[in-house]
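Here the structure is laid out as structure tokens; the discussion comes afterwards.
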Amino acid sequence: MSGGRADGALVIRAALPAEAEAVAGLHLRARSTYYPDGVPQADFDWGEAWRASIERPDAPVLCAVEGDRIVGVASFRTPDGAAPDTVKLFQFHVDPGRWRSGIGTALHRACVERWRAEGRRTAVLDVHTDNARAQAFYTRRGWFPDPGSPPVPGDHHLDLRFTVTGE
């Protein structure tokens with residue numbers, strides 16, 4: 001596919017506005033795995049939110065595609081008020097039925113390559129405290145707890161940091 005990167009049968013490319021509902025469905029399936037009491041904002045129009053993200057020129061949305069099915073998605077941009085060499089990974093999801101198949105690794109690699117090409121030095125994200133699987137995934141790729149934002153009792157998210165040039 002044009003603009004994509006192939007890893008075997010997997011293609012990583014920019015998401016298209018017409019794919020917003022498919023991305024929103026994947027997002028809901030992934031979030032349902034780490035919110036045992038129900039997904040917050042389940043009644044929110046995630047399809048429209050993803051369409052707006054995909055159309056936003058300063059916030060790339062990459063998707064991992066196998067055949068004609070989106071199996072992973074990542075969304076990132078410079079957070080408001082941050083240095084221009086900082087990027088925040090706002091969303092990163094792999095379809096739960098495809099976990100441990102290399103999709104997350106390939107998608108993360110594509111993100112890091114993009115960040116390097118853009119001259120990013122630091123990446124940040126927040127991960128749900130109950131999502132041990134995601135925390136382990138990020139730790140294996142070099143993410144570490146953000147020393148400038150230590151967790152406090154009652155927090156539902158853990159802030160992580162990644163040195164882009166260090167991978």
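Excluded from the calculations below are hydrogen atoms, water molecules and symmetry mates; all remaining heavy atoms, backbone and side chain alike, are included. Not measured: the values here are computed from a predicted model.
By the 4.0 Å N-to-carboxylate-O rule, Glu118 lies close enough to Arg114 to be salt-bridged with it.
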**Asked** Passes side chain to side chain contact (heavy atoms under 4.5 Å, CB included), Glu21 versus Arg51? Steps please.
**Response** CA-CA 8 Å; Glu21 291 299 329; Arg51 187 173 294 100; 3.9 Å; yes

**Request:** Could you please spell out the steps behind the side chain to side chain contact (heavy atoms under 4.5 Å, CB included) verdict for Leu125 and Phe76?
**Result:** CA-CA 9 Å; Leu125 64 78; Phe76 51 88; over 6 Å; no

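Looking at Tyr138 and Leu89, their side chains come closer than 4.5 Å, going by heavy atoms from C-beta outward. The side-chain heavy atoms of Arg13 and Val65, taken from C-beta on, include a pair separated by under 4.5 Å. Inter-residue side-chain proximity for Trp46 and Val23 is flagged as unmet; no heavy-atom pair is nearer than 4.5 Å.
For the ring pair (Phe, Tyr, Trp, His ring centres under 6.0 Å) condition, no pair includes a residue of residues 53-75, sequence neighbours left out. Annotation: salt bridge (Lys or Arg N to Asp or Glu O under 4.0 Å) contacts involving residues 78-87, sequence neighbours excluded, comprise Arg77-Asp80.
Arg69 pairs by the salt bridge (charged side-chain N to carboxylate O under 4.0 Å, His left out) definition with Asp95, not counting sequence neighbours. Looking at residues two or more places apart in sequence or on another chain, you find no ring-ring contact (aromatic ring centres under 6.0 Å, His included) involving His156. Not counting sequence neighbours, the partners of Asp58 by the salt bridge (charged side-chain N to carboxylate O under 4.0 Å, His left out) test are Arg56. Under the salt bridge (charged side-chain N to carboxylate O under 4.0 Å, His left out) criterion, Asp126 pairs with Lys88, not counting sequence neighbours.
Each of Trp99, Trp143, Phe92 was evaluated against Phe137; a single residue qualifies, Phe92, per the ring pair (Phe, Tyr, Trp, His ring centres under 6.0 Å) test.
Taking hydrophobic clusters as Ile, Leu, Val, Met, Phe, Trp and Tyr residues chained together by side-chain heavy-atom distances below 4.5 Å, Val112 does not share a cluster with Val124.
Side chain of Gln135 to main chain of His128: a donor-acceptor pair is present (N/O by atom type, distance under 3.5 Å, no hydrogens or angles). Under the 3.5 Å distance criterion, the side-chain polar atoms of Ser101 are matched with a main-chain donor or acceptor of Arg98.
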